[in-house]
Each structure stands twice: as C-alpha cells, then as structure tokens.
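I have placed the structure first, in the form of structure tokens, so that the comments after it can refer back to it.
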Amino acid sequence: MAAPSGRARGLVRWCLVALAAVLGTALSFGAAAATPQPTLRAPSAGSIGLRLVDIPVDTHGEDRALLYIVDHLAPGTVIHRRIEVSNTTGSAEHVALYAAAASIDHGAFLIADGHTPDELSTWTSLDRNGVNVAAGGRSLATVRIAVPDDAAPGERYAVIWAEVRSAPRGSDAVVQVNRVGIRMYLSVGFGNPPAEDFSIDSLTATRSSEGLPMVLASVHNTGGRALDMRGTLELEHGPGGLSAGPFPANLGTTLAPGDTGTVTVLLDAQVPAGPWDARIDLRSGLLDRTERATITFPAKGTVTVATGHGGLSPFIAGAALLLVMVVVGATLLIARRRRARRSAEPRPPRGLRARPATA
C-alpha cells in the first residue's frame with residue numbers, strides 16, 4: 001500500500017487534533033459535576049475562582065501540589081495554607097467557605113453532598129466562613145489543618161469549597177448552588193511519606209457505543225499514596241505506514257493505594273483498525289510509566305493485550321525469550337557433550353592416580 005501524500009497526512013492530523021480539542025472541552029464541562037474544578041460559573045456573566053496560594057517548598061516538582069493540598073504530616077502537626085477567591089462576574093458576590101468530605105472509589109475522586117464531614121474535614125478549619133468579593137476583586141482566606149496526636153497512619157481526603165447561592169425569589173423558588181473546590185490529599189505518619197508507584201498491567205482495544213476506537217489501560221496503584229492519572233497514547237507503523245496521535249487520556253481517574261482502575265483514551269473515527277504499534281505514557285506527579293503493545297481495533301467487542309512491564313514491545317519481549325531459550329539449550333548441550341567425553345576416557349586402576357602429562 002502506498003504511503004499517503006503529505007496533504008492527506010496533514011488532513012488526518014488536523015482532524016485528530018481538532019477532535020482532541022473538542023473532546024477536551026466537553027470533558028472539562030462534564031467533569032465539573034464529579035470533581036472540583038478551578039473555577040465555577042456564577043449566575044451572572046463571569047466566574048468565581050478558587051486557587052491555592054501557599055505551596056510547600058519541598059514538593060520536589062509534584063505538579064498536584066500546585067493545584068491541591070498534598071502533604072505528609074506527623075500526628076500532632078498543624079499547618080496553614082492560604083487560598084484566594086476571585087470574582088470576574090459583573091456584581092459583588094458572597095462566597096461561603098468550608099471543608100467537606102471526599103473519598104476515592106472505583107477510580108474516581110468522589111465528593112460528598114453539602115457539608116458532609118469526614119475525618120480530615122473535621123481536622124480542617126478556615127479563619128472565616130465566607131468572604132464578600134467585589135466585581136473583579138479577590139479575597140484571601142487561611143486554611144488550618146490540625147492533625148490529632150492520636151491520629152492513625154494512613155491517607156485521608158477532603159475538599160475546601162467556595163460556594164455561591166442564588167437569592168430565592170418567592171416561597172417556591174429553587175435556590176441554585178454553585179461551588180468550586182480544592183482537593184486535599186493528606187498522608188499521616190512519622191518519617192518520610194510513603195513511596196508512590198504504579199504499573200500498567202494490560203491494554204485493551206475496543207470501541208465506544210458510538211463505534212469510536214478506544215484504548216483502555218488497566219493501571220494498578222502499587223504505592224502508598226493516591227494517584228491522579230494523566231497521559232497520552234501514540235500509534236505508529238499502522239496501515240500504509242500511518243502514525244496517529246498523541247491522543248490525551250481522559251482525565252478523572254484517581255486510584256487509592258492498592259486499587260486497580262482503567263484509564264481511557266478515545267480516538268478519532270477515521271483511525272483505521274490496524275494493526276498498530278501502540279505506546280501509552282501515563283503519569284501521576286513525578287511518576288512516569290510507558291508500555292507498548294501491538295493492537296488492532298475490533299469491529300465489535302474487545303481485545304486485551306498483555307504488556308511487558310518496562311516498555312518492551314511484544315516483538316522485543318518475544319525475541320528476548322527466544323534468546324534465553326537458545327542460550328539455555330546451548331548450555332545444556334555443551335554440558336552433555338562434556339559428560340559423554342569424560343565417560344569415554346580410560347580410567348586408572350582403583351587406588352592409583354593418573355600421572356599428569358608433562359611437556
């Protein structure tokens with residue numbers, strides 16, 4: 001099959017990039033109901049924003065610490081973090097501030113309804129319950145986290161919320177509540193924080209209900225901290241020498257220690273079935289793992305491909321296994337010939353020793 005022309009290749013790449021941009025926009029709005037986002041849309045034009053101001057100096061490049069409160073504290077420790085509320089709407093807004101419960105389950109960071117408490121949220125307080133923010137203005141507040149002296153080791157989760165409520169109109173009016181939050185990941189224990197690690201166990205080629213090709217990566221959190229997964233998928237050496245990607249992984253997969261979850265990558269409908277050499281790069285904080293596999297998208301159903309940990313492709317892994325088998329076989333053959341040669345040599349009478357040959 002002849003390789004596609006430069007114009008055709010450019011058209012395919014442009015379509016894939018455009019689709020990725022559309023999907024990214026749709027996902028950012030769709031995730032707002034399930035996970036805290038950096039801004040919320042107020043009833044009037046503009047938005048209410050919430051961001052973390054104080055970032056620990058010992059984050060060592062941990063990108064989540066730029067957005068969320070991520071820390072490891074010993075029992076009895078008290079820390080403070082400043083947050084900023086911004087208002088880009090056309091009117092002044094009263095913004096309520098509070099901490100509430102959160103959890104991680106089935107690969108998602110889940111938020112509780114209303115002011116539902118949990119252990120971490122009860123350790124957390126703010127220096128004010130709310131702020132009045134003028135149109136185009138900003139306001140600071142301080143978060144205080146006090147870990148009890150008898151706190152058990154382990155990781156806890158919660159959310160700092162900034163909430164705006166619409167004014168009720170009449171007895172039957174519905175009050176609209178909008179809120180935006182900052183996640184909290186707090187590990188409790190003495191000494192260094194638990195190590196973070198994860199593995200990519202398998203890749204699955206499938207199709208969505210609309211028939212779009214998808215790749216599902218099974219990820220296992222083998223470390224001691226929660227992970228927020230992100231990454232990209234690239235396809236190479238496809239039909240006619242085509243390449244496609246990188247395609248962004250759908251955001252929102254969060255894994256508690258010991259959990260296994262699925263990271264989904266949705267592709268363009270114009271991507272051929274394959275076969276493809278697939279490479280997936282997944283990251284969480286400073287961790288980065290890469291796996292490769294040869295995949296073909298089925299007309300329907302799913303096809304699971306086991307991966308070789310460490311990023312080896314199936315071809316390289318098979319070649320390595322064949323090389324090991326050849327080396328082991330050659331070693332056994334040499335050992336057998338040596339034994340046969342020794343058994344054929346004449347032995348001296350019992351009680352005598354063979355005299356070594358001299359030059």
Side-chain angles (χ1 to χ4, degrees), residues 19-20 23-24 26-37 63-64 102-111 155 157 183 185 196-235 244-269 271 273-285 287-314:
L19 179 71
L23 289 175
L27 288 171
S28 66
F29 281 99
T35 60
Q37 300 297 311
D63 54 357
R64 292 190 304 174
S103 61
I104 297 176
D105 189 30
H106 290 89
F109 190 93
L110 304 178
I111 57 180
E155 194 168 52
Y157 316 105
R183 297 185 187 185
Y185 298 79
E196 300 180 11
D197 202 359
F198 71 91
S199 62
I200 305 174
D201 295 337
S202 66
L203 298 180
T204 299
T206 183
R207 292 189 181 272
S208 68
S209 57
E210 293 80 16
L212 298 177
M214 298 172 59
V215 173
L216 311 178
S218 177
V219 181
H220 181 203
N221 184 348
T222 58
R225 299 296 303 271
L227 304 175
D228 288 300
M229 306 306 305
R230 55 191 176 88
T232 57
L233 173 78
E234 293 192 55
L235 301 178
F247 301 96
N250 292 357
L251 301 180
T253 301
T254 301
L255 299 176
D259 281 357
T260 297
T262 301
V263 176
T264 302
V265 183
L266 186 64
L267 283 68
D268 185 84
V271 173
W276 297 93
D277 288 341
R279 167 177 169 161
I280 190 166
D281 296 290
L282 296 180
R283 299 177 296 280
S284 177
L287 293 176
D288 194 331
R289 299 287 181 268
T290 299
E291 289 295 347
R292 300 175 182 269
T294 300
I295 63 174
T296 299
F297 297 103
K300 59 180 180 179
T302 61
V303 179
T304 301
V305 182
T307 63
H309 296 299
L312 293 178
S313 67

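Quick note: residue numbers are just sequence positions, from 1.
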From CZ (Phe198) to CG (Leu287), nearest 0.5 Å: 6.0 Å
CG of Asn221 to CE of Met229: how many Å apart, nearest 0.5 Å? 8.5 Å
One should read off an interatomic distance between Leu255 CG and Ile104 CD1, to the nearest 0.5 angstrom, of 8.0 Å
As a quick check of understanding, evaluate side chain to side chain contact (heavy atoms under 4.5 Å, CB included) for Leu203 and Leu233, giving each step before the final call. CA-CA 11 Å; Leu203 298 180; Leu233 173 78; 5.5 Å; no
Restricting to ring pair (Phe, Tyr, Trp, His ring centres under 6.0 Å), what partner residues turn up for Tyr157, sequence neighbours left out? Tyr185
For a quick test of your reading: what N or O donor-acceptor pairs under 3.5 Å do the side chains of residues 274-281 make, sequence neighbours left out?
from: Trp276; atom 1: NE1; to: Pro272; atom 2: O; distance (Å): 2.9
from: Asp277; atom 1: OD1; to: Thr294; atom 2: OG1; distance (Å): 3.4
from: Asp277; atom 1: OD2; to: His237; atom 2: ND1; distance (Å): 3.0
from: Arg279; atom 1: NE; to: Asp281; atom 2: OD1; distance (Å): 3.3
from: Arg279; atom 1: NE; to: Asp281; atom 2: OD2; distance (Å): 3.1
from: Arg279; atom 1: NH2; to: Asp281; atom 2: OD1; distance (Å): 3.3
from: Asp281; atom 1: OD1; to: Thr290; atom 2: OG1; distance (Å): 2.5

Apply side chain to side chain contact (heavy atoms under 4.5 Å, CB included) to Ser218 and list each qualifying residue two or more places apart in sequence or on a separate chain. Asp201, Ser202, Thr260
Minimum heavy-atom separation for Leu266 to Met214, with atom names? CD1-CG, 3.3 Å
Under 3.5 Å, side chain of Thr253 to main-chain N/O of Thr262, donor-acceptor pair present? yes
Listed partners of Arg230 passing side chain to side chain donor-acceptor pair (under 3.5 Å), at least two apart: Asp63
Output, in order, the C-alpha distance, side-chain angles, deciding distance and verdict of side chain to side chain contact (heavy atoms under 4.5 Å, CB included) for Leu235 and Ile295. CA-CA 9 Å; Leu235 301 178; Ile295 63 174; 4.2 Å; yes
Passes side chain to side chain contact (heavy atoms under 4.5 Å, CB included), Asp197 versus Arg289? Steps please. CA-CA 9 Å; Asp197 202 359; Arg289 299 287 181 268; 2.6 Å; yes
Ignoring hydrogens and angles, state whether a donor on the side chain of Asp228 or Thr254 is under 3.5 Å from an acceptor on the partner side chain. yes
What's the separation between atom OG1 in Thr232 and atom CZ in Arg283, rounded to the nearest 0.5 Å? 5.5 Å
Sequence neighbours excluded - salt bridge (charged side-chain N to carboxylate O under 4.0 Å, His left out) pairs with any residue from residues 217-227: Glu155-Arg225
